[in-house]
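Dumping the structure here so I can ask a few things about it.
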Amino acid sequence: MELQTLIALWSGKLPPGFVPQAVLRDEPEECSQPRCGRQRAPKPDGGWYASCRPCLDRRAASCRRRRAALVAEGGCRRCGYRKRTEGDFLCERCREDRDFERGRKRRDALDAAAIDEFAAKPDRAHEPSDLDCGISPWNARPKPQPSAAYWSPLPDPEPKSEQLWRESISDSGWRYSRH
């Protein structure tokens, strides 16, 4: 085995000069359903579904029939699996989901209305104020005022002869004196 290939296997990177094999076929693969040899159906974004169009339609119809049977037995009209709450046609979970989606639509509509209202106003130069910086009369700091200590002179330093804490009480320094 070549050293470059070994390094590529070990590091997980392609070796230098590696050209991946081109996929030359433009037609889609076969449908993934058993006993079906048709080609896969195209997706709107350009990809391919796993199944062909007849198989997709057949499975969708099967899901619709199953859901209709579950709803006829007392299941939720939205999901079909959970039981409906008393006096309602949705289960509790689907009701919460629907209320959440309605609230989101309502908020989106209010946001869109506020944006439209702002866009309808004529353009004008912005006059900056303290409120732009987050400063208001309620959270502003008071202006600093000098105190009396600012104007008074500093006290005279204490002379070293009066600083008794500098000399030891028990040691008189007799070791350093010459007799």
Side-chain angles (χ1 to χ4, degrees), residues 1-140:
M1 184 178 286
E2 290 184 9
L3 180 62
Q4 293 292 339
T5 309
L6 189 62
I7 292 172
L9 286 171
W10 182 73
S11 66
K13 297 177 182 174
L14 293 174
F18 179 80
V19 179
Q21 190 173 2
V23 178
L24 300 176
R25 107 180 134 221
D26 283 342
E27 72 270 356
E29 298 176 12
E30 285 189 357
C31 174
S32 62
Q33 301 301 321
R35 297 187 303 277
C36 180
R38 291 185 285 260
Q39 294 180 345
R40 292 181 174 188
K43 284 186 179 179
D45 63 358
W48 300 99
Y49 285 112
S51 303
C52 62
R53 178 53 56 193
C55 289
L56 289 172
D57 294 343
R58 187 182 69 247
R59 293 178 70 202
S62 171
C63 289
R64 282 193 299 270
R65 283 193 305 272
R66 187 177 72 240
R67 177 169 292 165
L70 291 170
V71 169
E73 293 172 5
C76 173
R77 289 249 303 266
R78 190 174 186 212
C79 66
Y81 297 105
R82 290 177 290 276
K83 293 293 179 188
R84 288 183 274 206
T85 54
E86 279 297 319
D88 198 3
F89 59 90
L90 295 178
C91 64
E92 188 176 341
R93 186 166 154 190
C94 287
R95 173 170 279 288
E96 289 176 4
D97 290 349
R98 188 189 64 183
D99 292 346
F100 180 75
E101 289 166 6
R102 284 181 175 173
R104 180 187 292 156
K105 282 183 182 176
R106 192 179 309 114
R107 284 191 302 273
D108 289 347
L110 290 172
D111 291 347
I115 291 169
D116 292 343
E117 182 184 347
F118 176 76
K121 290 182 182 176
D123 291 341
R124 58 183 172 78
H126 178 65
E127 294 125 17
S129 70
D130 284 345
L131 296 174
D132 295 331
C133 306
I135 299 171
S136 73
W138 292 276
N139 69 359

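Residue numbers count from 1 along this sequence.
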Report task. Give the minimum heavy-atom separation between R84 and C76, together with the two atoms involved. Result -> CG-CA, 3.8 Å

Which donor-acceptor pairs under 3.5 Å do the side chains of residues 89-104 make with protein atoms, sequence neighbours left out?
from, atom 1, to, atom 2, distance (Å)
R95, NE, D88, OD2, 2.6
R95, NH2, D88, OD1, 3.1
R95, NH2, D88, OD2, 2.6
E101, OE1, R78, NH2, 3.2
E101, OE2, R78, NH2, 3.0

Query raised in the report: Which heavy-atom pair separates Y49 from P44 by the least distance, and what is that distance?
Result: OH-CD, 3.9 Å

Atom pairs and distances, donor-acceptor, side-chain atoms in residues 52-66, under 3.5 Å, two or more places apart:
from, atom 1, to, atom 2, distance (Å)
R66, NH2, Y81, OH, 3.0

Query raised in the report: For Q33, does its backbone N or O pair with a side-chain atom of S51 as donor and acceptor, under 3.5 Å?
Result: no

Query raised in the report: Does any N or O in the side chain of R40 come within less than 3.5 Å of the main-chain N or O of E30, such that one atom is a donor and the other an acceptor?
Result: yes

Report summary line: Interatomic distance, CD1@I115 vs CG@L110, rounded to 0.5 Å, equals 11.0 Å

